[in-house]
Amino acid sequence: MNKKTRITRLLKSTPDGQIVTVKGWVRTFRNNQFIALNDGSTIVNLQVVVDRETLPEDILKRITPGAALIATGKLIESQGHGQAMELVAAEILITGDSNADTYPLQPKRHSLEFLRKNGHLRFRTQTFGAIFRIRHHLAYAIHKFFNDRGFFYLNTPIITGSDAEGAGEMFRLTTLDLNNVPKTDDGHVDYSNDFFAKETNLTVSGQLEAELGAMALSNVYTFGPTFRAENSNTTRHLAEFWMVEPEIAFSDLDDDMDLAENMLQYVIGYVLEHGKLDLEFLAKRLENEEKNKPQNERSFPLLEKLQGIIDDKFERITYTEAFNILRNSKPNKKGKFAYPVEEWGMDLQSEHERFLVEKKFKKPVIITDYPKGIKAFYMRMNDDGKTVAAMDILVPGIGELVGGSQREERLDVLHDRMKEMNIPIEEMQWYLDTRVYGSCPHAGFGLGFERLVLFVTGMTNIRDVIPFPRFPGSAEF
RNA sequence: GCCCCUUUAGCUCAGCUGGUUAGAGCGCCGGACUGUUAAUCCGUAGGUCCAAGGUUCAAGUCCUUGAAGGGGCGCCA
């Protein structure tokens, strides 16, 4: 079964009549003669030419969209115009038929909604093939980026016994009989007989554990599944998503921003090089999609947008600067914002982020030094006593792509902050110990991997860039 | 969780101020075709107009409720 050549490799060879075997799925069959065969290795189909004089009638009838087959024959320069080479089949072996009457995918454009409903087959379309190849390249590039810079890949727990991460609603995990939940005398759930003998959840972030690693290995990163039980119904949220969380010791917020910016530029450069054909396809797709939109609603052409990320430095402004820009902006003065910008300390809404990124600066913007009231307990207090050393990277079309901060390394300050925000200090001693023993300035950030894939592919719904999306009311497969 | 929109053939959609037998393109099926590129040409079949209730002489079309899907907002990555 191993004697096959993947189409991506064939395309790099010179066709001179060599005998090759390809294995893949039929996309279309034209003129009873031309099979467009795709094996998933590339978006490009290989044209397999069959001789209908010699090919048995029953085989000919079974070459239908979606059918799996093995074709062996000579690879020659194509006599047609649409492709450089083609395979003249001497032998066709169909390994799996596909009933054309019931196969949902037709050789035509389908809506993303329809393909979402047929999620088990959408991998076989050009669009989703491209998306998931790009997703792979991005994941690989992230590992490569960190590895090449001396970072260690640290696996933080998926099942967590810590409920103080404060990043959102958690999924509870238990083996208790839900029809007969044991209770303690005071009426609470008795976890003493549960699998872990305590309350456990699916992780919402590996950051706190990553900090433990960074305080010994210096530079670490996590890249794993993350879960949020929020009832979020948007095109940018999932209940199960993948997050990248580097953590760097002896570093401050500037180092953190540099790391994030360099990483984004590196991985986007990597896909521009290694996922060129897929990106070109997605770019054309986006262009067609937006043909009917009025000019001012169209997004920037995909490839130029990605090249711009590499060529341009990100804009860096403080929350206070952003606040002033927004307060004095035209839409704010004309009352166009649903949330007027009036009081320092307010959280920035989507409409504000979009104004800054898409109208004002027209490139990624890093906003730093947020008011302490709207940020997490572990972020380092600035000298003004009002803001923390936090940073969010906002990008066009997505909004928040990265959220990070310098961590509070001073035990007394951290202690006070935790008290202030009602974080259970007793349960967090393991975390505080990093500040008790050999504390140092350190920083890190979280990158929503699917949001990165959204940004790079130009797709607009996050459910289309993860193979098996989980969201409120839906956990198919 | 809140707001808006959509639901008509396998898919993508049209269907006017309510009025005869609900249409198109593509797909499927049948036929033609040896250089096609989502092939092309000819032909046939294919409908619980999302569901329930209501208004009306008459409802795909109007109203109410519900379901499913999409978009926006909030929560965030």
Side-chain angles (χ1 to χ4, degrees), chain A residues 27-36 44-55 61 64-66 76 78-83 86 88 98-118 125-126 165-169 203-207 222-245 260 288 337-339 347-354 374-376 392-395 398-404 445-455 460-464 466 471-474:
Chain A
R27 284 285 164 80
T28 62
F29 186 36
R30 289 182 291 267
N31 210 8
N32 262 345
Q33 196 184 3
F34 304 102
I35 305 169
V44 179
N45 300 325
L46 181 69
Q47 173 150 293
V48 177
V49 187
V50 302
D51 184 351
R52 62 179 194 179
E53 299 289 294
T54 57
L55 196 71
K61 287 248 173 217
T64 57
I76 62 163
S78 179
Q79 294 164 48
H81 290 296
Q83 56 283 314
E86 62 192 20
V88 181
S98 174
N99 184 341
D101 196 23
T102 56
Y103 186 60
L105 303 181
Q106 302 168 5
K108 60 171 281 192
R109 226 186 135 70
H110 289 290
S111 68
L112 292 171
E113 290 82 6
F114 175 76
L115 294 171
R116 243 171 257 152
K117 283 178 202 150
N118 290 277
T125 63
Q126 289 197 100
E165 283 149 353
E169 284 296 309
T203 185
V204 293
S205 163
Q207 181 206 310
T222 74
F223 189 169
T226 311
F227 308 86
R228 304 272 167 95
E230 301 287 348
N231 188 15
S232 298
N233 294 290
T234 79
T235 52
R236 313 182 297 284
H237 291 84
L238 289 164
E240 176 182 289
F241 64 100
W242 288 66
M243 191 147 64
V244 179
E245 294 177 288
N288 288 334
F337 285 141
Y339 297 84
D347 210 347
L348 300 183
Q349 307 296 318
S350 294
E351 56 181 349
H352 307 140
E353 297 179 350
R354 268 209 312 276
I374 55 172
K375 287 292 177 183
D392 283 356
I393 302 184
L394 313 177
V395 297
I398 313 283
E400 190 176 343
L401 179 63
V402 166
F445 65 81
L447 165 87
F449 184 56
E450 282 74 19
R451 289 194 180 169
L452 176 64
V453 183
L454 262 188
F455 182 71
T460 51
N461 191 322
I462 203 163
R463 295 169 191 180
D464 293 330
I466 187 166
F471 50 94
S474 177

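The structure presented is a predicted model; accordingly, all values stated were derived computationally and were not measured. What's counted below: heavy atoms across the whole structure, side chains too, no hydrogens, waters or symmetry copies. In the text below, chain A, chain B and the rest are named by the order of the sequence lines, each starting its count at 1.
- Taking atom NE2 of residue H110(A) and atom P of nucleotide C28(B), one finds them 11 Å apart after rounding to whole Å.
- Donor-acceptor pairing under 3.5 Å, judged by distance alone, is absent between the side chain of S232(A) and the base of C76(B).
- Nucleotides C49(B) and G10(B) place their P atoms 12 Å apart, quoted to the nearest Å.
- Pair check for U48(B) finds none; no Watson-Crick or G-U wobble contact set falls under 3.5 Å.
- S78(A) comes within 4.0 angstrom of a nucleotide base, judged by non-hydrogen atoms across all strands.
- Taking the nucleotide of RNA chain B with the nearest heavy atom to each of L348(A) and N461(A), the more 5' of the two is matched to N461(A).
- Nucleic acid contact class of G80(A) (heavy atoms, under 4.0 Å, all strands): base.
- Atom CZ in F455(A) sits about 18 Å away from atom P in A77(B), given to the nearest Å.
- For L105(A) and G10(B), the CG to C1' distance is 12 Å, given to the nearest whole Å.
- Residue whose closest nucleotide on RNA chain B sits further toward the 5' end, between F34(A) and K61(A): K61(A).
- Side chain of T64(A) to backbone of S98(A): a donor-acceptor contact under 3.5 angstrom is found.
- For C33(B) and U40(B), the C1' atoms lie 9 Å apart once the distance is rounded to whole Å.
- Between the side chain of E450(A) and the backbone N or O of W242(A), at least one donor-acceptor pair lies under 3.5 Å.
- Contact annotation: T235(A) side-chain N/O to G72(B) OP1/OP2 distance is under 4.0 Å.
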Go through it in stages, so that I can follow the logic: the residues are F241(A) and F449(A), the test is ring pair (Phe, Tyr, Trp, His ring centres under 6.0 Å), and I'd like the CA-CA distance, side-chain angles, deciding distance and then a yes or no.
CA-CA 7 Å; F241(A) 64 100; F449(A) 184 56; over 10 Å; no
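- For the C1' atom pair drawn from A58(B) and U20(B), the interatomic distance equals 12 Å after rounding to whole Å.
- Searching all strands for a Watson-Crick or G-U wobble partner of C76(B) with both distances below 3.5 Å returns nothing.
- Within the nucleic acid shown, F114(A) comes within 4.0 Å of sugar-phosphate atoms alone, with no base atom in reach, counting heavy atoms only.
- Separation of the P atoms belonging to A51(B) and A32(B) is 41 Å when rounded to the nearest angstrom.
- The closest donor-acceptor contact from the side chain of D464(A) to the backbone of T460(A) lies at 3.5 Å or more, if one exists at all.
- For the pair E245(A) (side chain) and G206(A) (backbone), a donor-acceptor distance under 3.5 Å is present.
- Contacts of E53(A) with the nucleic acid, taken as non-hydrogen atoms under 4.0 Å apart, include base atoms.
- L238(A) comes within contact range of at least one nucleobase, with a heavy-atom separation under 4.0 Å.
- Here E450(A) lies out of heavy-atom contact (under 4.0 Å) with every strand.
- Between the CG atom of N31(A) and the P atom of A38(B) there is a distance of 14 Å, rounded to whole Å.
- A close approach under 4.0 Å does not occur between any side-chain nitrogen or oxygen of T28(A) and OP1 or OP2 of A38(B).
- Within the nucleic acid shown, V244(A) has no heavy atom closer than 4.0 Å to any nucleic acid atom.
- As judged by a 4.0 angstrom heavy-atom cut-off over every strand, E113(A) is placed among residues touching the sugar-phosphate backbone only.
- At distances below 3.5 Å, not a single donor-acceptor pair connects side-chain atoms of T28(A) with backbone N or O atoms of R30(A).
- With A38(B), U34(B), G74(B) as the choices, the nucleotide that has an atom nearest any side-chain atom of R109(A) turns out to be A38(B).
- Among the protein residues, Q33(A) comes within range of the nucleic acid bases, having at least one heavy atom under 4.0 Å from a base atom.
- Remark: the Q79(A) side chain and the U36(B) base include no donor-acceptor N/O pair separated by less than 3.5 Å.
- Nucleotide G69(B) forms a pair with C5(B), judged by Watson-Crick or G-U wobble geometry with both contacts under 3.5 Å.
- Contacts of N231(A) with the nucleic acid, taken as non-hydrogen atoms under 4.0 Å apart, include base atoms.
- Side-chain nitrogen and oxygen atoms of Q349(A) include at least one within less than 4.0 Å of the OP1 or OP2 phosphate oxygen of G74(B).
- Separation of atoms OG (S232(A)) and CD (E169(A)) is listed at 10.5 Å; rounding is to 0.5 Å.
- Picking from C73(B), C26(B), C29(B) the nucleotide with the shortest atom distance to the side chain of A100(A) gives C29(B).
- R116(A) has its CZ atom 19 Å from the P atom of U6(B), to the nearest Å.
- Distance check on atom C1': U6(B) versus C50(B) gives 11 Å, rounded to whole Å.
- Q47(A) places no side-chain N or O within 3.5 Å of a backbone atom of I35(A) that could act as its donor or acceptor partner.
- Relative to the side chain of T234(A), the nucleotides C11(B), U36(B), G74(B) differ in distance, and G74(B) lies closest.
- Atom name P, nucleotides A59(B) and G54(B): the rounded distance is 12 Å, in whole Å.
- Protein atom CG of L112(A) is 13 Å distant from nucleotide atom C1' of U12(B), rounded to whole Å.
- Between R236(A) and C73(B) there is a side-chain N or O to OP1 or OP2 distance below 4.0 Å.
- Per the geometry, CD belonging to Q126(A) stands 9 Å off C1' belonging to A38(B), to the nearest Å.
- No side-chain donor-acceptor contact under 3.5 Å links H237(A) to the backbone of T234(A).
- Under the Watson-Crick or G-U wobble criterion, with both distances below 3.5 Å, G10(B) is paired with C26(B).
- Side-chain atoms of R451(A) lie closest to C76(B) of the nucleotides G10(B), C73(B), C76(B).
- Between R354(A) and G72(B), a side-chain N or O to OP1/OP2 separation shorter than 4.0 Å is absent.
- If you check distances only, the side chain of E86(A) does reach the base of G35(B) with a donor-acceptor pair under 3.5 Å.
- Counting to the nearest Å, the P atom of A38(B) and the CZ atom of R30(A) are 6 Å from each other.
- Between R463(A) and the phosphate of G70(B), there is a side-chain N or O to OP1/OP2 separation shorter than 4.0 Å.
- Nearest to the side chain of R228(A), among G25(B), C76(B), C29(B), sits C76(B).
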